[in-house]
Amino acid sequence: MMTSLGLEPDPSPLCCCEYHNNSGERSHLLALCCDCEALDQAVDRMVSGREVKSDMVREIIDVVEERLRFPWKNGAIQIPLGKILPLVMLPTMLWLATLHPYLVVITFLLVLPSVFLIAVRTVIRHRPKTQFFLFWSYTSTAYLFYVYQVKCVGLFWDLPKVISWWENLVLVGGSALSIGCYRKMKKESRKRRNSDGRICRICEEQVVGKDHHCVWLDMCISSTNKKTFLLFLSTTIMTATHLALLLTSTACPGQLVGPILLPELCWPYKDNDRLLLVAGLYSGLVAGLLALLLGEQVSRHLRRGVVTGTAHSM
């Protein structure tokens, strides 16, 4: 039935598996792998040994993000890949690493570097505003804290008490301090935007005294929040190192040096202990990478100070 203006009436309500695509057309979840010309051309180029054009990669990402949806009442809802992938990938990779010692080596030396290399070369290049790295940070924090409190301390059920109250207090206090520094950096980042600053291609804002854009925190580091950023790195490094020591020494207890129990080289028999060991190794890896970043930031600051002092003395 036509309306009084001669226009088509409103379409019928969407079912749980239908949605409107970017062109405003009605589509269905069953069409997920259909009619993607860019994907077909990319496969043809890879098979023939030719380079896949950047525009094709961008179009494929657009199609995947548009079509990957979850059935829901009144229409399928879109799944944000940048937020969902870390929630699935990190726990899965750490769980796989618990199955065999060789898988630990493969996960930490091959899988994780490959994931980040692909993400940096592909995702940031075509989706500079992606939240993949930010949610990887969120997932790492939440998952490690879950493993510690539930699988190590025994938050919801009774486990052997191997963690003392002061060790738990130090870890929780360090975590709270790191979160406080992060929240303070976010507040400071809102005050530093100015028309006289450098343009960040990711934020698309002009930032005064810009140092770099940290994709893991999804914010620019500038002269406004640089000191808080260094404090955040320091507290996070100490907290992650402490957590790594607690988890690995609980899974593989070794020699007691003063009040500190050091881990020994072992492969636990229990599934829970293997998870503690792998999570501890991951926490240690995070602490090591952050320590390298902190060292680079401090050395750069010292070099700038020397150059500035030399310029003033001339």
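- For the pair Met219 and Asn225, the minimum side-chain heavy-atom distance is below 4.5 Å.
- Residues satisfying the side-chain hydrogen bond (donor to acceptor under 3.5 Å, both in side chains) criterion with Thr239, sequence neighbours excluded, are absent altogether.
- Here salt bridge (Lys or Arg N to Asp or Glu O under 4.0 Å) pairs that include residues 218-235, with residues two or more places apart or in two chains, are Asp211-Lys226.
- Partners of Phe229 by ring-ring contact (aromatic ring centres under 6.0 Å, His included), not counting sequence neighbours, listed by chain and number: His212.
- Every pair tested for salt bridge (Lys or Arg N to Asp or Glu O under 4.0 Å) that includes a residue from residues 170-184 fails, sequence neighbours excluded, so the list is empty.
- The hydrophobic clustering, which links ILVMFWY residues whose side-chain heavy atoms are closer than 4.5 Å, places Leu230 and Ile179 apart.
- In this structure, Met185 and Leu217 approach most closely via the heavy-atom pair CE-CD1, 3.7 Å.
- Using a 4.5 Å cut-off between side-chain heavy atoms of Ile, Leu, Val, Met, Phe, Trp and Tyr, with links allowed through other members, Phe145 and Val147 fall into different hydrophobic clusters.
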Side-chain polar contacts of residues 104-120 - donor-acceptor pairs under 3.5 angstrom, sequence neighbours left out - could you list them?
residue, atom, partner, partner atom, Å
Thr107, OG1, Leu103, O, 2.7
Ser114, OG, Leu110, O, 2.6

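- The shortest heavy-atom contact between Pro91 and Pro86 is CD-O, 3.7 Å.
- Tyr182 pairs by the ring-ring contact (aromatic ring centres under 6.0 Å, His included) definition with nothing, not counting sequence neighbours.
- In this view, Trp166 and Ser164 satisfy the side-chain hydrogen bond (donor to acceptor under 3.5 Å, both in side chains) rule, not counting sequence neighbours.
- In this structure, the side-chain hydrogen bond (donor to acceptor under 3.5 Å, both in side chains) partners of Lys129, at least two apart in sequence or on a different chain, are Glu204.
- For residues 275-293, no residue pair satisfies the salt bridge (Lys or Arg N to Asp or Glu O under 4.0 Å) rule, not counting sequence neighbours.
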Under 3.5 Å donor-acceptor pairs involving side-chain atoms of residues 241-256, not counting sequence neighbours:
residue, atom, partner, partner atom, Å
Thr241, OG1, Ile237, O, 2.7
His242, NE2, Glu167, O, 3.2
Thr248, OG1, Ala244, O, 2.6
Thr248, OG1, Leu245, O, 3.4
Ser249, OG, Leu245, O, 2.5
Ser249, OG, Leu246, O, 3.2
Thr250, OG1, Leu246, O, 2.6

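- At distances below 3.5 Å, at least one donor-acceptor pair connects side-chain atoms of Ser137 with backbone N or O atoms of Trp216.
- With a 4.5 Å cut-off on side-chain heavy atoms, Gln149 and Asn168 count as touching.
- Considering only residues two or more places apart in sequence or on other chains, Ser178 meets the side-chain hydrogen bond (donor to acceptor under 3.5 Å, both in side chains) condition with Thr235, Thr236.
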May I have the list of side-chain donor-acceptor pairs in residues 274-296 shorter than 3.5 Å, sequence neighbours left out?
residue, atom, partner, partner atom, Å
Arg274, NE, Thr98, O, 2.9
Arg274, NH1, Pro268, O, 3.3
Arg274, NH1, Tyr269, O, 2.9
Arg274, NH2, Asp271, OD1, 2.2
Tyr282, OH, Trp136, NE1, 3.0
Tyr282, OH, Ser140, OG, 2.7
Ser283, OG, Ala240, O, 2.8
Glu296, OE2, Arg300, NE, 3.2
Glu296, OE2, Arg300, NH2, 2.6

